[in-house]
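Okay, structure first, notes after.
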Amino acid sequence: GETTAGDSAAGTTAPNEETLTYLPIIEDGKAKMAIVTSARASSTVLAAGTSLFKEVYAKTGVYLTLDYDHEGEKEYEILLGDTSREETTALKETLSENEFVIKATDRKLVIVGYDDMALAEGVSYFLSTVLSEGAVTLETGVFRIDIGLEYRSSGNDLSGFWEMISADDT
């Protein structure tokens, strides 16, 4: 009978190289991904990265590493803010004022905002909402996110958020 490209490829693929349906951020108690920011990231972006780092450690007991985007691209990365990676640039171009996007591709988790404040809101949303959803496995020694996960804010989400914060300061 006829052989399709899929048939021949299936026979040669090693079992541990099957196509994953999730991003393996932490597997078997070991970090597989680093948080990557720009070396020129603002204190707002670094604070967002730190809160992500702390929350992941609190839930998994595993430390992610924090890298700068000029240190060489790795196979799997969490891209935070304006990095030099094409995935960040492509998503950022789709954003308007006050918007953020969170997207899991087959190799990257990208969290980017229109500006640093929108990025901070995106990380906050990721920690408060996305981490507790069904597309995420987060437990001791394991952190996985389903490939294809995507959250996008609408531009007016932030106005209420920042008004709420400033109202609390009085």
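Since the structure is predicted, the reported quantities are computational estimates derived from the model, not experimental observations.
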Separation of [Y] [atom2] from [X] [atom1] (nearest 0.5 Å):
{"X": "Glu133", "Y": "Asp146", "atom1": "CD", "atom2": "CG", "answer": "11.0 Å"}
{"X": "Glu99", "Y": "Asp115", "atom1": "CD", "atom2": "CG", "answer": "11.0 Å"}
{"X": "Phe143", "Y": "Thr60", "atom1": "CZ", "atom2": "OG1", "answer": "8.0 Å"}
{"X": "Leu80", "Y": "Leu66", "atom1": "CG", "atom2": "CG", "answer": "8.5 Å"}
{"X": "Phe126", "Y": "Leu149", "atom1": "CZ", "atom2": "CG", "answer": "7.5 Å"}

Side chains of [X] and [Y], heavy atoms from C-beta outward: is any pair under 4.5 Å?
{"X": "Ser153", "Y": "Val101", "value": "no"}
{"X": "Leu52", "Y": "Tyr57", "value": "no"}
{"X": "Glu150", "Y": "Ile102", "value": "no"}
{"X": "Glu73", "Y": "Arg85", "value": "yes"}

Would you please name every residue forming a salt bridge (charged side-chain N to carboxylate O under 4.0 Å, His left out) with Lys32, sequence neighbours left out?
->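 Partners of Lys32 by the salt bridge (charged side-chain N to carboxylate O under 4.0 Å, His left out) criterion come out as none, since no residue qualifies.
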For Thr83 and Thr88, does a side-chain donor sit closer than 3.5 Å to a side-chain acceptor?
->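 Checked: Thr83/Thr88 side chains pair up, N/O donor to acceptor below 3.5 Å.
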Cluster overlap [X] with [Y], hydrophobic side-chain contacts below 4.5 Å:
{"X": "Leu109", "Y": "Val123", "answer": "yes"}
{"X": "Tyr125", "Y": "Leu119", "answer": "yes"}
{"X": "Met33", "Y": "Leu131", "answer": "yes"}
{"X": "Val112", "Y": "Leu46", "answer": "no"}
{"X": "Tyr68", "Y": "Leu79", "answer": "no"}

Only one of Val110, Ile25, Val56 passes side chain to side chain contact (heavy atoms under 4.5 Å, CB included) with Ile78; say which it is.
->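 Of all the options given, the one that passes is Ile25.
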Less than 4.0 Å between a side-chain N and a carboxylate O, is that true for Lys74 and Asp67?
->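 A salt bridge is present here (some side-chain N lies under 4.0 Å from a carboxylate O).
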Is it true that Asp82 and Lys92 make a salt bridge, defined as a side-chain N closer than 4.0 Å to a carboxylate O?
->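 Yes.
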Centroid separation Phe100 to Tyr114 less than 6.0 Å |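 No, ring centres 6.0 Å or more apart.
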Candidates Glu87, Glu75, Glu77 - the one meeting side chain to side chain donor-acceptor pair (under 3.5 Å) with Lys108 |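 Filter result, single survivor: Glu77.
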